[in-house]
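Along the sequence shown, residues carry numbers from 1. Worth knowing before you read on, the calculation uses all heavy atoms, side chains too, and leaves out hydrogens, waters and symmetry mates.
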Amino acid sequence: MTELALKHRDKIMLTEAPTGVENVQIILEAIDKNKGIECEYYSFNRQTVKHQLLIPYFLRTWEQRWYLVAEPDNHHHGISIFALERMDNITLTEEKMAPTNDISVEEYFDGSFGANHSDEQKPEIIRIKVYGQQVEYVRTLPIHESQKEVEINPEWSIFEYRLVPCFNFYQQLLWHREKLEVLEPQYVREEIKAAIQKMLEHYND
């Protein structure tokens with residue numbers, strides 16, 4: 001595919017590579033050698049830069065970003081997720097630093113949506129109803145890997161998911177506009193309803 005893309009680069013438009021890709025190699029090296037990494041990390045929430053000493057577990061991509069799942073060296077907060085494009089001045093530690101927890105990437109992200117993870121919430125069943133031609137789009141490009149089509153009608157279909165609801169999941173549902181309705185659980189339905197009502201406030205001229 002790389003050779004074909006280069007050969008026909010004037011005929012193919014590719015999506016840009018996920019941000020933070022320049023930091024992937026050194027992090028994989030740390031994982032291979034059981035080393036920690038030190039870096040300066042920028043927090044969107046706090047709008048501060050903090051020095052971090054991390055024990056890397058694994059990497060994943062989501063929506064044009066690379067993420068690192070790692071254990072802060074103080075172990076106070078367990079495992080956390082860090083965006084690679086917000087890391088600067090990454091170096092490997094001299095000493096070996098093995099992860100405390102023996103967990104696979106599949107186990108860690110079980111029931112998660114994208115790069116989100118929750119230790120407090122457990123995955124639950126969510127059902128949505130999709131209308132009209134949008135059914136084909138959802139059918140062929142699943143919203144989540146757990147997607148199951150459980151009821152089919154000429155005018156709509158019902159899809160079922162097993163996941164932990166989160167902000168990114170709600171965004172994805174809203175992307176389908178009026179062609180999608182949340183059926184259950186009720187609190188997820190209310191969350192989408194509240195978001196729609198909040199959006200309407202911007203148009204109440």
Are Ile196 and Val188 connected into the same hydrophobic cluster when the rule is that any two of I, L, V, M, F, W, Y join if their side-chain heavy atoms are below 4.5 Å apart? yes

Ignoring hydrogens and geometry, is there a side-chain-to-backbone donor-acceptor pair from Asn89 to Cys39 under 3.5 Å? no

Less than 4.0 angstrom from a charged side-chain N to a carboxylate O is my criterion; do Lys7 and Glu3 meet it? no

Out of curiosity, Gln52 CD to Tyr42 OH, how far, rounded to the nearest 0.5 Å? 14.5 Å

For Tyr41, check ring-ring contact (aromatic ring centres under 6.0 Å, His included) against everything at least two apart and list the hits. Phe82

Can you pull the ring-ring contact (aromatic ring centres under 6.0 Å, His included) pairs that have at least one residue in residues 1-36, sequence neighbours excluded? none

Can we say Glu181 and Arg189 salt-bridge, meaning some charged N sits less than 4.0 Å from an Asp/Glu carboxylate O? yes

Let's go through Met87 and Leu54 carefully: what are the C-alpha distance in whole Å and the side-chain angles of both, what is the deciding distance for side-chain contact (heavy atoms from CB on, under 4.5 Å) to 0.1 Å, and is it a yes or a no? CA-CA 12 Å; Met87 291 181 174; Leu54 306 172; 4.0 Å; yes

Identify every side-chain donor-acceptor pair in residues 59-66 under 3.5 Å, counting partners at least two apart or on other chains, and give the distances.
from: Arg60; atom 1: NH1; to: Gly114; atom 2: O; distance (Å): 2.8
from: Gln64; atom 1: NE2; to: Glu16; atom 2: O; distance (Å): 2.2
from: Arg65; atom 1: NE; to: Glu85; atom 2: OE2; distance (Å): 2.7

Just so I know, are the side chains of Gln197 and Met199 near enough to count as touching, which here means a heavy-atom distance under 4.5 Å? no

Flag yes if Tyr131 and Ile128 sit in one hydrophobic cluster, no otherwise; membership is Ile, Leu, Val, Met, Phe, Trp, Tyr, and two members link when side-chain heavy atoms are under 4.5 Å apart. no

Any link between Ile27 and Val21 through a network of hydrophobic side chains (Ile, Leu, Val, Met, Phe, Trp, Tyr) touching at under 4.5 Å? yes

Do the non-hydrogen side-chain atoms of Ile37 and Thr93 ever get within less than 4.5 Å of each other? no

Counting heavy atoms not belonging to Asn153, are there more than 12 under 6.0 Å from its CG? yes

With a 4.5 Å cut-off on side-chain heavy atoms, are Leu163 and Pro123 touching? no

Atom OG of Ser112 and atom CD of Glu145: how far apart are they, to the nearest 0.5 Å? 8.5 Å

Judged by modelled atom types alone, do Glu190 and Gln186 share a side-chain donor-acceptor pair under 3.5 Å? yes

Would you say the side chains of Glu71 and Thr100 form a donor-acceptor pair under 3.5 Å? yes

Would you mind reporting whether Tyr137 and Val130 have side-chain heavy atoms less than 4.5 Å apart? no

In Å and rounded to the nearest 0.5 Å, what is the CD1 to CD1 distance from Ile158 to Ile152? 10.5 Å

Looking at every heavy atom in both Gln147 and Ile143, which two are closest together, and how far apart are they? OE1-N, 3.0 Å

Over all atoms of both residues, closest heavy-atom pair of Pro56 and Ala30: CG-CB, 4.0 Å

Could you tell me whether Gln133 atom CD has more than 12 heavy atoms of other residues or ligands within 6.0 Å of it? no

Side chain to side chain, Lys129 and Phe159, heavy atoms closer than 4.5 Å: no

Residue pairs passing the ring-ring contact (aromatic ring centres under 6.0 Å, His included) test where at least one lies in residues 185-205, sequence neighbours excluded: none

Would you say that Ile126 contacts Pro165 through its side chain, given a criterion of any heavy-atom pair below 4.5 Å between the two side chains? yes

Do the side chains of Ile55 and Ile26 join up, straight or via other hydrophobic residues, at under 4.5 Å, putting them in one cluster? no

Applying a strict under-4.5 Å side-chain criterion to I, L, V, M, F, W and Y, I'd like to know whether Phe113 and Val105 cluster together. yes

Validation: residues 168-176 side-chain donor-acceptor distances under 3.5 Å, sequence neighbours left out:
from: Asn168; atom 1: ND2; to: Asn116; atom 2: OD1; distance (Å): 2.8
from: His176; atom 1: ND1; to: Gln134; atom 2: NE2; distance (Å): 2.9

Roughly how far, to the nearest 0.5 Å, is the CG atom of Asn101 from the CD atom of Glu107? 10.5 Å

Sorted by first residue and then second, give each salt bridge (charged side-chain N to carboxylate O under 4.0 Å, His left out) pair with at least one member in residues 161-171; sequence neighbours left out. Asp110-Arg162

I'd like to check Leu68 versus Ile81 (side-chain heavy atoms, cut-off strictly below 4.5 Å). Are they in contact? no

Is there a donor-acceptor pair under 3.5 Å between the side chain of Lys96 and the backbone N or O of Lys33? yes

Measuring from atom OG of Ser157 to atom CD of Glu136, what distance do you get when rounded to the nearest 0.5 angstrom? 8.0 Å

What's the shortest heavy-atom distance between Lys35 and Glu94, and which atoms? CE-O, 3.4 Å

Less than 4.5 Å apart, side chain to side chain, heavy atoms only: is that true for Glu38 and Ile90? no

Please work out which of the three classes, parallel, tilted or perpendicular, describes the rings of His117 and Phe109, given edges at 30° and 60°. perpendicular

Please determine if Arg127 forms a cation-pi arrangement with Tyr161, meaning its NZ or CZ atom is less than 6.0 Å from the six-membered ring centre and no more than 45° off the ring axis. no

In this structure, OG of Ser43 is separated from CZ of Arg86 (nearest 0.5 Å) by 6.5 Å

